[in-house]
Q: 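The following block contains the structure, expressed as structure tokens.
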Amino acid sequence: MSEERILPYTYLLLRLPSGAPRVVRLIPDLTISLGKFGSFPSNALLYRPYNLTFDILDPPAVGLRLVSAEEVTRDILGGGEDTEAEGTGHYDLEIAGESEEDGGEVMRTNKETVDDPLSQKLSWTEIEQLKKQGAGSGRDLVQRLLESHTAIHQKTPFALQKYTLRKTKKFLRRFTVLPLTVTSLTTYLLDTKEPIKILEMRNETIALMLSLANVHYGGRYLVIDESGGLLVSAVAERLGLLEYTPTEPEESKEEDTTRKRCPDTPLPTANTIALIHPNEQPNLSLLKYFSYDTNNPTTSHPLHTHLRTLNWLQLVDPNADISLQRPEEIPVETLATFKGGKRSAYWRKHRRWEKTSRIVAEVQKGGFDGLLVAAFMDLKGILRHAVPLLKGSAQIVAYSQNRESVIELADCYSAARKAEWRNEGEEVADDEDGVGDPTIVLAPTVHETRVRKWQVLPGRTHPVMTARGGAEGVVFAGTRVLPVEGKVEARGRFRGQKKRKDDSNDDDSEVGVDGRGEMMPTSPLKKVKSDI
């Protein structure tokens, strides 16, 4: 991001006190509402650094108050300036007996404490009244709750921290501004939206796919993405194609109008993404969070020229696609008699046909550096048409929610399948449900990874029991190879073909036979071994 500053018309991730994320678009001269936490003017965040924490001022004041890191840490740990006087550990230690020799240190817990709802003297009506009055961005309300609790003195310091932090998350009107990256967007979609729309892909799964596919700057990658553009966004971020400074919509429209009047510039040949989609238009709705709208693209965005899209019909059977049919040629004299709108529509259709034809021809030519798949479709059918488009040593990575489909795909490239292909090549090739030639993929492997959160506390270390479930997610990986054509003949020195002479010859141990039957000297090390 440019200078790590909050720019207008960008999407931000606001982390609320409760830990819930909220994605907002920063449009100048508007008011951003956070529900029960209040609202604030959007101009208060413009050109400020990221990762800062703000308090929403109480009405009638309007604006934000910058919260220092020391204050944030103190509120998270719970307690005030006199925390050291109350105790710094998780537990209080009491001495049993008159002296340490008589008894010893005993851990004081809240075992004898009884949670009684009547311990809180403030009623819900009084709490709502205090919230409407608004004081200290909610800190005064938290303090009143602590003071009105009759059993607060019975709590251990650790229990008091938990109680204070719980009330702070509920009533404190505070948020932290974070940049919206692919990692944070994935977490946001998994926790608050419908995970099935992104195939329940987690951050560790996406990172594994990018690593196995060796995605790096300057490469050409073939992507099949049915997760709304999440996989495309991850690849584009690795290629540096999401670095873009958004501008005012009116300015971008003027740029688009100027761009349409000029002839099309040549498409780049490196650092590109070719997306194959099953529908008439690709589903890349998640790219809007990175200032790129596929329905109304901005020509100055890097993805406008580095992202190419085509559907499966254009790849498999181009002659059956209507959009690839050449428009009817109209003479210049006849075209000059048309009205402006009809003439513009003709040239627009002609430019669309030229661009689509170039993209299809480029993809069919192949030579891609990697293949990444995340789709609901059958993986075998996808790899049947996509793997031949890769160059030698290119990496193949395919993700599926189900373990069975990935295992079945890996079995299609096993040694038994390759032997069957060599014996019955034509019959296996006619199988439309197969993957085609299995000898072009080497070392098929299946990966499964999941990062689990753990609670790490003294004596209470265990996995978090409230972690979300869902699909584990399995990844298939392989390497594209180019099988050699013709018969392979091995040559070299073989232990079973050594030629020995009579023992009477002193130089017999110093000579050998190579693969062509010619005599050659034996190394001194082998001579010593033979003597032993």
Side-chain angles (χ1 to χ4, degrees), residues 1 9-13 21 23-25 179-210 213 215 219-244 246 252 268 271-312 314-315 356 359 363 368 370-377 379 382 386 397-401 471 473 475:
M1 243 161 245
Y9 304 102
T10 57
Y11 282 89
L12 309 175
L13 183 68
V23 175
V24 298
R25 190 185 184 193
L180 187 61
T181 60
V182 176
T183 302
S184 58
L185 178 62
T186 304
T187 305
Y188 170 74
L189 295 174
L190 285 174
D191 296 340
T192 61
K193 298 296 182 179
E194 298 182 14
I196 191 62
K197 290 185 177 181
I198 60 172
L199 303 178
E200 298 186 273
M201 286 194 299
R202 300 178 299 275
N203 286 316
E204 58 269 21
T205 304
I206 297 177
L208 177 64
M209 295 178 65
L210 297 179
V215 178
R220 298 174 61 245
Y221 298 96
L222 189 63
V223 180
I224 293 91
D225 183 10
E226 296 184 15
S227 61
L230 183 63
L231 184 58
V232 173
S233 303
V235 176
E237 186 181 43
R238 185 69 66 90
L239 298 180
L241 300 179
L242 297 184
E243 297 294 334
Y244 172 72
S252 60
N271 204 45
T272 59
I273 302 173
L275 174 67
I276 304 177
H277 55 88
N279 304 318
E280 185 177 356
Q281 297 294 332
N283 179 16
L284 298 174
S285 58
L286 296 181
L287 290 181
K288 69 178 182 180
Y289 294 109
F290 305 102
S291 305
Y292 185 75
D293 187 4
T294 54
N295 297 324
N296 186 20
T298 305
T299 56
S300 58
H301 200 287
L303 287 176
H304 184 68
T305 55
H306 291 264
L307 176 62
R308 293 85 182 271
T309 60
L310 72 160
N311 55 42
W312 282 105
Q314 294 172 347
L315 176 65
T356 306
I359 292 176
V363 174
F368 290 95
L371 171 65
L372 296 96
V373 181
F376 293 101
M377 299 172 57
L379 296 180
I382 293 176
V397 180
Y399 167 83
S400 177
Q401 298 172 271
V475 177

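These figures come from a predicted structure and were not determined experimentally.
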Q: Closest heavy-atom contact between Gln314 and Thr356?
A: NE2-CG2, 3.8 Å

Q: Out of the candidates Leu230, Thr181, Asp191, only one should pair with Thr186 under the side chain to side chain contact (heavy atoms under 4.5 Å, CB included) rule; please name it.
A: Leu230

Q: Apply side-chain contact (heavy atoms from CB on, under 4.5 Å) to residues Leu287 and Leu303 and explain how you reach the verdict.
A: CA-CA 10 Å; Leu287 290 181; Leu303 287 176; 4.2 Å; yes

Q: Ser184 and Thr187: side-chain donor and acceptor closer than 3.5 Å?
A: no

Q: side-chain contact (heavy atoms from CB on, under 4.5 Å), that's the test. Do Asn311 and Asn279 meet it? Break it down for me.
A: CA-CA 6 Å; Asn311 55 42; Asn279 304 318; over 6 Å; no

Q: Measuring only between side-chain heavy atoms, which start at C-beta, is Pro268 closer than 4.5 Å to Arg220?
A: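 Of all side-chain heavy-atom pairs linking Arg220 with Pro268, none is under 4.5 Å.
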
Q: Can you check whether Thr298 reaches Ser291 side chain to side chain, under 4.5 Å on heavy atoms?
A: no

Q: Hey, does Leu286 have a side-chain heavy atom less than 4.5 Å from the side chain of Ile198?
A: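 Touching, per the 4.5 Å side-chain cut-off.
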
Q: Check whether any side-chain heavy atom of Leu239 lies under 4.5 Å from a side-chain heavy atom of Val215, and answer yes or no.
A: yes

Q: Is the shortest heavy-atom distance from the side chain of Leu310 to the side chain of Ile276 under 4.5 Å?
A: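 Yes, at least one pair of side-chain atoms sits under 4.5 Å.
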
Q: Which heavy atom in Ala213 sits nearest to a heavy atom in Val397, and how many Å separate them?
A: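 Shortest heavy-atom separation between Ala213 and Val397 comes out as N-CG2, 3.6 Å.
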
Q: Determine whether a donor-acceptor pair (N or O, by modelled atom type, separation under 3.5 Å) exists between the side chain of His306 and the backbone of Ala236.
A: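 Checking the backbone N and O of Ala236 against the side chain of His306, no donor-acceptor pair under 3.5 Å is found.
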
Q: CG/Leu275 to CZ/Arg308 distance, rounded to the nearest 0.5 angstrom?
A: 12.5 Å

Q: Could you give the distance from CE (Met209) to CG (Leu372), rounded to the nearest 0.5 Å?
A: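 CG of Leu372 is found 5.5 Å from CE of Met209.
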
Q: Out of curiosity, Leu315 CG to Ile359 CD1, how far, rounded to the nearest 0.5 Å?
A: 12.5 Å

Q: Are the side chains of Asp225 and Val235 in touch, meaning some heavy atoms are under 4.5 Å apart?
A: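 Counting from C-beta outward, Asp225 and Val235 never come under 4.5 Å.
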
Q: Compare all side-chain heavy atoms of Ser300 with those of Tyr244 and state whether any distance is below 4.5 angstrom.
A: yes

Q: Got a second to check how far Phe376's CZ is from Leu379's CG, nearest 0.5 Å?
A: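 Interatomic distance, Phe376 CZ to Leu379 CG, rounded to 0.5 Å: 12.0 Å.
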
Q: With a 4.5 Å heavy-atom cut-off, do Lys197 and Leu189 have their side chains touching?
A: no

Q: side-chain contact (heavy atoms from CB on, under 4.5 Å), that's the test. Do Phe368 and Val363 meet it? Break it down for me.
A: CA-CA 8 Å; Phe368 290 95; Val363 174; 4.2 Å; yes

Q: Could you walk me through whether Gln401 and Ile196 pass side-chain contact (heavy atoms from CB on, under 4.5 Å), step by step?
A: CA-CA 10 Å; Gln401 298 172 271; Ile196 191 62; 3.5 Å; yes

Q: Tell me the closest heavy-atom pair linking Ile224 and Leu231, and the distance in Å.
A: O-CD2, 4.3 Å

Q: Return the CD to OH distance between Glu200 and Tyr399, rounded to the nearest 0.5 Å.
A: 6.5 Å

Q: Enter the distance from Leu210:CG to Thr205:OG1 here, rounded to the nearest 0.5 Å.
A: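 The OG1 atom of Thr205 is 11.0 Å from CG of Leu210, to the nearest 0.5 Å.
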
Q: Considering non-hydrogen atoms only, spot the tightest contact between Gly229 and Ser233 and give its length.
A: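 For Gly229 and Ser233, the tightest heavy-atom pair comes out as O-OG, 2.7 Å.
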
Q: Which heavy atom of Val23 sits nearest to which heavy atom of Tyr289, and what is that distance?
A: CG1-CE2, 3.8 Å

Q: Which heavy atom in Val182 sits nearest to a heavy atom in Phe290, and how many Å separate them?
A: CG2-CZ, 3.9 Å

